[in-house]
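Both ligands and their constituent atoms are indexed starting at 1 by order of listing.
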Amino acid sequence: MKKTVFITGGSRGIGECAVREFARLGYNVAFTYFKSEDKAKEIEKSTGTCAIFADVSKSEDVNNAIKIATEKYGKIDILINNAGIDEFALFTDITDEMWHNMIDTNLSSAFYASRAVLPQMISRKDGVIINISSMWGQVGASCEVHYSVSKAGMIGLTKALAKEVGPSDIRVNCVCPGVIDTDMNKHLTKEDLEQLKCDTPLSKIGKAQDVVNTLIFLSEDKSSFITGQIFGVNGGYII
Ligand code: NAP
């Protein structure tokens, strides 16, 4: 029986690449989109996947999306908590609204989706959850404290949940990308990108596919003895 993967934020960037690659490999794929409806519908059509609207910062939207995907495909085997935003601001300029929007979109979303999908995984004693954090969640970024906190939270969520659901044969792992060529880094100047390349031992900017290759490995039975782990995909930027 085909496995089903549910990916949050599949309309652009790393999530879009994951949707396309898992579909190509023969998985059933359901994914969420928020603002990029036209793009999501185009991806849905060209890949034969299922695009579902959800603002992942809202638990009712996430619960509804998991329900729709489960009804369509019968079950969800793999959950990838990918949707996220970033924002640059001095710490003292971060408003309550900015703080809560960041934490709710990047971290609470993973709590909501994992909570919604776990009952079916626990009853089957089978499942995989992968959280997308960031290297800034590992080491912290200046002028991105709220982003760094949300991503550090993903690491804590991964480790604690892996211990709790391991006895039910559910694996929970975390991927921390470095600088990846997506819309999220569109604001960077050519000079910024050159500097980032210089600071990276492999002297290049990563591609969404680099992250997705790790997601595929962590989804497959080849990684069946791996849980609670944090994987850097960062060209050596963080060692
Ligand atoms: P991206 O190109 O900006 O795409 C972000 C995705 O998240 C979009 O599909 C977007 O959907 C979705 N999203 C944002 N807010 C949402 C919300 N409230 N509800 C539902 N979906 C929402 O970003 P990316 O580079 O692919 O990043 C993917 C993940 O990797 C993020 O968690 C990010 O923090 C992490 N990451 C990225 C990098 C990097 O260098 N790119 C580095 C480290 C970590 P819509 O367009 O439909 O709104």
Does [X] come within less than 4.0 Å of ligand 1, judged by its heavy atoms?
{"X": "Lys151", "value": "yes"}
{"X": "Trp136", "value": "no"}
{"X": "Val179", "value": "yes"}
{"X": "Asn82", "value": "yes"}

- Query: Salt-bridged, Lys190 to Glu194, with N to O below 4.0 Å?
  - Reply: no

- Query: Under 4.0 Å between a Lys/Arg side-chain N and an Asp/Glu carboxylate O for Asp210 and Lys207?
  - Reply: no

- Query: Can you tell me which residue and heavy atom of the protein come closest to atom 26 (O) of ligand 1, and the distance to 0.1 Å?
  - Reply: Ile14 N, 2.8 Å

- Query: What protein heavy atom sits nearest atom 38 (C) of ligand 1, and how far off is it?
  - Reply: Gly178 O, 3.8 Å

- Taking the minimum heavy-atom distance to atom 44 (C) of ligand 1, which of Ser133, Gly137, Ala65 ranks first? Ser133

- Task: List every atom of ligand 1 that sits less than 4.0 Å from any heavy atom of Ala54, numbering the atoms from 1 in the order shown and giving each element.
- Result: 19 (N), 20 (C)

- Query: Under 3.5 Å between some N or O of ligand 1 and some N or O of Tyr33?
  - Reply: no

- Item | Sidechain-backbone polar pair: Arg171 side chain, Ile226 backbone, donor-acceptor under 3.5 Å | yes

- Note on the structure: Residue pairs meeting side chain to side chain donor-acceptor pair (under 3.5 Å), one or both in residues 134-146, sequence neighbours left out, come to Glu87-His146

- Which pairs with one or both residues in residues 51-64 pass side chain to side chain donor-acceptor pair (under 3.5 Å), sequence neighbours excluded? Asp55-Ser57, Asp55-Lys58

- Item | Identified side-chain contact (heavy atoms from CB on, under 4.5 Å) counterpart of Cys176 within the set Asn234, Asn131, Ile230 | Ile230

